[in-house]
2 protein chains.
Amino acid sequence: MKKKKKNENSSKIFKYHDHEACFGDAITLIEDYFIEKKLQLTPLRRKVFEILIEDHKPLGAYEILDKLGKAGFSSSPPIAYRVLDFLMEHGFVHKVQGLNAFIACSNPEHSHFPTFVICRKCEKVAEVSDDKTRLNLSSPEITDFKIEKTTIELTGICSTCENAEIR
Amino acid sequence: MKKKKKNENSSKIFKYHDHEACFGDAITLIEDYFIEKKLQLTPLRRKVFEILIEDHKPLGAYEILDKLGKAGFSSSPPIAYRVLDFLMEHGFVHKVQGLNAFIACSNPEHSHFPTFVICRKCEKVAEVSDDKTRLNLSSPEITDFKIEKTTIELTGICSTCENAEIR
DNA sequence: CATTACATGTTATAACATAACATAATTGTA
DNA sequence: TACAATTATGTTATGTTATAACATGTAATG
Ligand SMILES: [Zn+2]
Ligand SMILES: [Zn+2]
Ligand SMILES: [Zn+2]
Ligand SMILES: [Zn+2]
């Protein structure tokens with residue numbers, strides 16, 4: 001087994017997410033953004049974002065609704081979907097298509113074309129940015145189509161879950 | 001405006017799908033595959049594949065169910081979903097996540113990692129293979145994850161629809 | 001022809017998402 | 001301030017997509 005002394009953990013997208021920093025930054029970022037754009041960071045919107053950033057894992061709309069209900073907000077479906085749409089428009093939330101779930105954005109630069117890496121066993125999801133991961137998409141041969149949005153989701157198994165599998 | 005004399009149409013993935021060839025090939029391919037693998041290409045399975053390859057566009061499960069009903073088959077949801085799952089397992093059908101729809105595979109080699117290019121206006125979908133389009137995915141920096149499946153969907157507008165937009 | 005595996009049928013329900021309309025809060029302006 | 005316009009939230013109903021659980025039928029194997 002090879003040892004990498006330098007940058008040993010930079011490639012371990014699942015294990016080394018510094019969520020404490022992530023969490024604090026995220027709240028500051030959204031506050032600043034909303035002020036700058038003159039948008040209303042209402043209690044409801046803030047709560048939805050907090051719910052998503054708290055565990056920083058994908059949640060279904062109805063899980064979010066439950067949590068909203070417990071926090072005293074209305075918990076009828078449109079409430080969640082509307083706020084999620086709004087937060088998605090502004091890049092603070094993404095939808096993970098493969099899970100029908102929503103996740104707080106962990107990319108301060110708001111690359112609106114994130115790549116998600118999804119463990120099929122623990123359902124942990126890592127958001128990776130194009131530049132950091134060299135997940136490159138280019139299409140020189142497609143000339144009759146203008147790409148506006150990309151959905152890239154990589155499903156598989158994380159090393160933790162793989163090691164736990166006895167077979 | 002530049003003129004390209006050579007290979008002018010190879011890049012026009014939307015306009016130049018030779019579906020007549022595609023259709024004939026697809027039926028032969030699935031028949032051969034099922035024989036080789038000793039699988040049952042039952043009337044139901046054949047019908048579902050025919051429905052999908054006929055127009056060669058994505059269809060929702062319930063659209064497929066309608067067509068099955070009209071063809072004399074049962075049209076309760078599990079019928080469609082089971083057959084679709086089976087055909088997907090064997091690479092003859094893919095799910096287009098962005099549309100919650102299913103599409104016949106147009107890649108004879110059964111590359112199980114297709115890329116879909118989806119026009120948001122006409123909802124036409126082109127399946128493109130990695131080699132033909134140079135849509136390349138590589139992740140040298142991800143070391144703690146084993147990719148088993150990829151979902152790559154590019155949404156935007158095709159040239160036909162763009163030209164039709166008056167603005 | 002019995003056993004087993006595979007395939008299909010059926011009913012009910014779960015999970016995900018939106019339409020349409022009502023009310024309330026915020027913002028801009030006379 | 002009063003008013004209008006805009007934005008945000010609440011509510012009810014319904015539409016859409018997908019699966020669980022169990023029953024029946026059909027094909028392959030020895
Ligand atoms: Zn985080
Ligand atoms: Zn895992
Ligand atoms: Zn075709
Ligand atoms: Zn189009």
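Letters A, B, ... are given to chains in the order of the sequence lines, protein chains preceding strands, and every chain is numbered from 1. Both backbone and side-chain heavy atoms feed into the values below; hydrogens, waters and symmetry mates do not.
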Output the single nucleotide from D:dA18, C:dA7, C:dT10 whose closest atom is nearest the side chain of B:S74.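 Nearest listed nucleotide: C:dT10.
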Rounded to whole Å, how long is the line connecting atom [atom1] of [X] with atom [atom2] of [N]?
X	N	atom1	atom2	value
B:L68	C:dA7	CG	C1'	14 Å
B:I79	C:dC6	CD1	P	18 Å
B:L99	D:dT16	CG	C1'	14 Å
B:L39	C:dT8	CG	P	12 Å
B:F49	C:dA7	CZ	P	17 Å
A:R45	D:dT7	CZ	C1'	8 Å
A:Q97	C:dA17	CD	C1'	13 Å
A:I64	C:dA15	CD1	P	16 Å

Does A:E153 use its side chain to pair, donor to acceptor, with the backbone of A:G98 at less than 3.5 Å?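 Flag set: sc A:E153 to bb A:G98 pair under 3.5 Å.
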Could you tell me whether [X] contacts a base, only the sugar-phosphate backbone, or nothing, with contacts defined as non-hydrogen atoms closer than 4.0 Å?
X	result
A:S76	base
A:K95	sugar-phosphate
B:L44	sugar-phosphate

Identify whether the distance between the nearest side-chain nitrogen and carboxylate oxygen of B:K57 and B:E123 falls below 4.0 Å.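 A salt bridge is absent here (no side-chain N lies under 4.0 Å from a carboxylate O).
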Decide, yes or no, whether a salt bridge links B:E31 with B:R46 under the criterion of side-chain N to carboxylate O below 4.0 Å.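 Counted as a salt bridge, because a side-chain N and a carboxylate O are separated by less than 4.0 Å.
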Classify the ring geometry of B:H90 against B:F34: parallel below 30°, tilted from 30° to 60°, perpendicular beyond 60°.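 Plane angle between 30° and 60°, so tilted.
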Could you check whether the rings of A:Y62 and A:Y81 sit parallel, tilted or perpendicular, using 30° and 60° as the cut-offs?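 Rings of A:Y62 and A:Y81: perpendicular, as their planes differ by over 60°.
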Is the shortest side-chain N/O distance from [X] to OP1 or OP2 of [N] below 4.0 Å?
X	N	value
A:T42	D:dT9	yes
B:N100	D:dT16	no
B:Q40	C:dA7	yes

Would the base of C:dA17 count as contacting A:Y62 through its side chain, where contact means a donor and an acceptor less than 3.5 Å apart?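 Such a pair exists between side chain and base.
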For A:G60 and A:R82, find the nucleotide of DNA chain C closest to each by heavy atoms; which residue's nucleotide sits nearer the 5' end?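 Of the two residues, A:G60 wins.
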Residue whose closest nucleotide on DNA chain D lies nearer the 5' end, B:K38 versus B:D85: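 Per heavy-atom nearest nucleotide, the more 5' residue is B:D85.
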Assign each of A:V83 and B:Y81 to its nearest nucleotide of DNA chain D by heavy atoms, then name whichever residue's nucleotide is nearer the 5' end.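 Closest to the 5' end, via its nearest nucleotide, is A:V83.
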